[in-house]
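Single-structure report; data block below.
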Number of protein chains: 2
Amino acid sequence: MSDALRQFKSEIFQALAHPTRIAIVETLRDGELSAGQLIEKLDLEQANASQHLAILRAKHVVVNRKAGNQVFYSIRDPALIKVLDILRRYFYSQLSSTVSMLEEVAQAGSFKK
Amino acid sequence: MSDALRQFKSEIFQALAHPTRIAIVETLRDGELSAGQLIEKLDLEQANASQHLAILRAKHVVVNRKAGNQVFYSIRDPALIKVLDILRRYFYSQLSSTVSMLEEVAQAGSFKK
DNA sequence: TGTTAATATTCGCTACTTCGAATATACTAT
DNA sequence: ATAGTATATTCGAAGTAGCGAATATTAACA
């Protein structure tokens with residue numbers, strides 16, 4: 001696999017490597033929203049939201065459409081939604097193994113004197 | 001959706017947001033390898049490889065097994081492989097649309113006297 | 001034309017990431 | 001014990017990402 005392709009992939013991952021940008025993508029899951037609607041739903045600073053949207057645009061994660069005064073955003077490729085769904089399940093399975101690990105530790109602790 | 005879950009997801013993406021770490025994960029796709037084998041296959045600096053492996057370990061993307069002198073790494077959860085597979089298709093579809101865009105631009109350019 | 005509303009960009013600051021060099025740790029074998 | 005090999009950690013420098021405040025752009029409409 002070429003270095004250029006890996007560079008490209010890592011940039012996509014980087015684009016999603018922020019909780020606010022994940023929140024934006026998840027919120028766009030059910031259809032397009034204007035920047036203003038996103039700001040309200042997610043309670044973001046205007047400038048901050050615009051910066052995050054610029055990053056998502058630059059990496060073609062989202063796509064935008066101007067309508068008069070407003071700019072509507074939507075997800076470019078639904079495959080991304082699928083990825084986020086897998087990660088949710090992944091998160092919970094990891095959580096439960098972490099919990100059992102903690103339980104083991106607690107159990108071991110209780111044997112001490 | 002909870003902030004904790006978004007934080008978690010963004011940390012996984014962050015863990016993969018580097019070409020070297022993508023290379024490591026892709027190389028481990030077909031089974032475990034020692035740190036040394038990874039370093040040789042990917043032509044990495046020893047310290048650098050170890051730093052990247054530490055990041056992947058911290059985020060539980062990979063798991064390690066010590067055998068004498070060596071440390072063998074493998075991918076912790078096959079769900080991640082699935083994510084990478086989905087993203088591979090995503091990357092190619094994005095790549096090809098980017099390429100066609102570039103071709104259009106080139107085409108347009110060729111009309112300029 | 002001037003004012004307001006929606007969104008984007010720039011700026012300075014702080015915090016994080018990445019790197020290679022150096023050093024530390026851990027295991028093996030002599 | 002000591003030498004050698006495999007891997008990990010620490011350190012400081014250089015680069016990059018994130019933030020809010022301020023400012024710029026664009027469109028709508030009086």
Side-chain angles (χ1 to χ4, degrees), chain A residues 3-4 6-28 31-76, chain B residues 3 6-25 27-28 31-76:
Chain A
D3 283 0
R6 281 182 182 139
Q7 177 67 38
F8 176 76
K9 287 185 183 180
S10 69
E11 285 175 15
I12 305 291
F13 283 118
Q14 180 62 49
L16 294 170
H18 193 286
T20 301
R21 295 196 291 269
I22 302 260
I24 290 172
V25 171
E26 284 176 349
T27 306
L28 292 177
E32 69 171 14
L33 289 175
S34 71
Q37 290 173 313
L38 280 169
I39 287 169
E40 189 183 8
K41 278 207 177 197
L42 299 174
D43 190 28
L44 303 174
E45 285 283 326
Q46 187 273 323
N48 192 235
S50 212
Q51 287 164 0
H52 284 303
L53 286 169
I55 290 169
L56 293 173
R57 250 187 291 127
K59 298 298 158 55
H60 303 100
V61 171
V62 301
V63 111
N64 63 333
R65 168 178 81 80
K66 277 166 214 184
N69 226 1
Q70 289 163 290
V71 180
F72 287 88
Y73 284 90
S74 53
I75 296 181
R76 195 191 58 99
Chain B
D3 283 359
R6 283 181 182 142
Q7 179 66 40
F8 173 81
K9 288 179 182 178
S10 68
E11 283 175 15
I12 302 292
F13 284 119
Q14 179 62 54
L16 295 170
H18 192 286
T20 300
R21 295 195 293 269
I22 303 244
I24 290 172
V25 170
T27 306
L28 291 179
E32 70 171 14
L33 289 175
S34 71
Q37 288 172 316
L38 281 169
I39 287 169
E40 188 183 9
K41 277 206 177 198
L42 299 174
D43 191 28
L44 304 175
E45 285 283 325
Q46 187 272 322
N48 192 234
S50 214
Q51 287 163 0
H52 284 303
L53 286 169
I55 290 169
L56 293 173
R57 252 186 289 126
K59 298 299 159 54
H60 304 99
V61 170
V62 301
V63 108
N64 61 335
R65 168 177 81 81
K66 277 166 216 184
N69 227 1
Q70 288 161 289
V71 180
F72 287 87
Y73 283 90
S74 52
I75 296 182
R76 195 192 63 104

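Proteins get letters first, then strands, A, B, ... in listed order; numbering begins at 1 in each.
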Task: A/Leu44 and A/Leu38, any side-chain heavy atoms less than 4.5 Å apart - done: no
Open item on the list: If we ignore hydrogens and angles and just use 3.5 Å, is the side chain of A/Gln37 paired with the main-chain N or O of A/Ser34 as donor and acceptor?
Closed with: yes
Task: Whole-Å distance separating the CG atom of A/Asn48 from the C1' atom of D/dA17 - done: 12 Å
Open item on the list: What is the distance, to the nearest angstrom, from the CG atom on A/Asn69 to the C1' atom on D/dA28?
Closed with: 6 Å
- [ ] Take atom NE2 of A/His18 and atom P of D/dG18, then tell me their distance rounded to the nearest Å.
- [x] 5 Å
TODO: Please tell me if the side chains of A/Leu28 and A/Ser74 come closer than 4.5 Å, counting only heavy atoms from C-beta onward.
DONE: no
Open item on the list: Both A/Ala35 and A/Gln14 contact DNA chain C. Which one's nearest nucleotide lies toward the 5' end?
Closed with: A/Ala35
Task: Side chain proximity check, A/Leu42 to A/Ile24, heavy atoms < 4.5 angstrom - done: yes
Open item on the list: Are there over 12 heavy-atom neighbours, none belonging to A/Glu11, within less than 6.0 Å of that residue's CD?
Closed with: yes
Task: Polar side-chain contact B/Gln51-D/dA8 base: donor and acceptor under 3.5 Å - done: no
Open item on the list: What contact category does A/Phe72 fall into here, base, sugar-phosphate, or nothing, at under 4.0 angstrom with non-hydrogen atoms?
Closed with: nothing
Open item on the list: Going 5' to 3' along DNA chain C, which are the first and last nucleotides with any atom under 4.0 Å from a heavy atom of chain A?
Closed with: C/dA5 to C/dT10
Open item on the list: Please report the distance, rounded to the nearest Å, between CD in A/Gln46 and C1' in D/dT25.
Closed with: 12 Å
Open item on the list: On DNA chain D, does the nearest nucleotide to A/Ala47 precede the nearest nucleotide to A/Ala67 from the 5' side, or the other way round? Give the residue.
Closed with: A/Ala47
- [ ] Can you tell me the distance, in whole Å, between the CG atom of A/Leu56 and the P atom of D/dA17?
- [x] 14 Å
Open item on the list: Just checking B/Glu32: does its CD atom have more than 12 heavy atoms from other residues, nucleotides or ligands closer to it than 6.0 angstrom?
Closed with: yes
TODO: Nearest whole angstrom, please: distance from the P of D/dC19 to the CD1 of A/Ile55.
DONE: 9 Å
Open item on the list: Quick one: does any side-chain atom of B/Arg6 pair with a main-chain N or O of A/Ile22 as donor and acceptor, under 3.5 Å?
Closed with: no
TODO: Could you check how far CD of B/Glu32 sits from C1' of D/dT7, rounded to whole Å?
DONE: 16 Å
TODO: Among D/dA8, D/dA6, D/dG18, find the nucleotide with the atom closest to the side chain of B/Gln70.
DONE: D/dA6
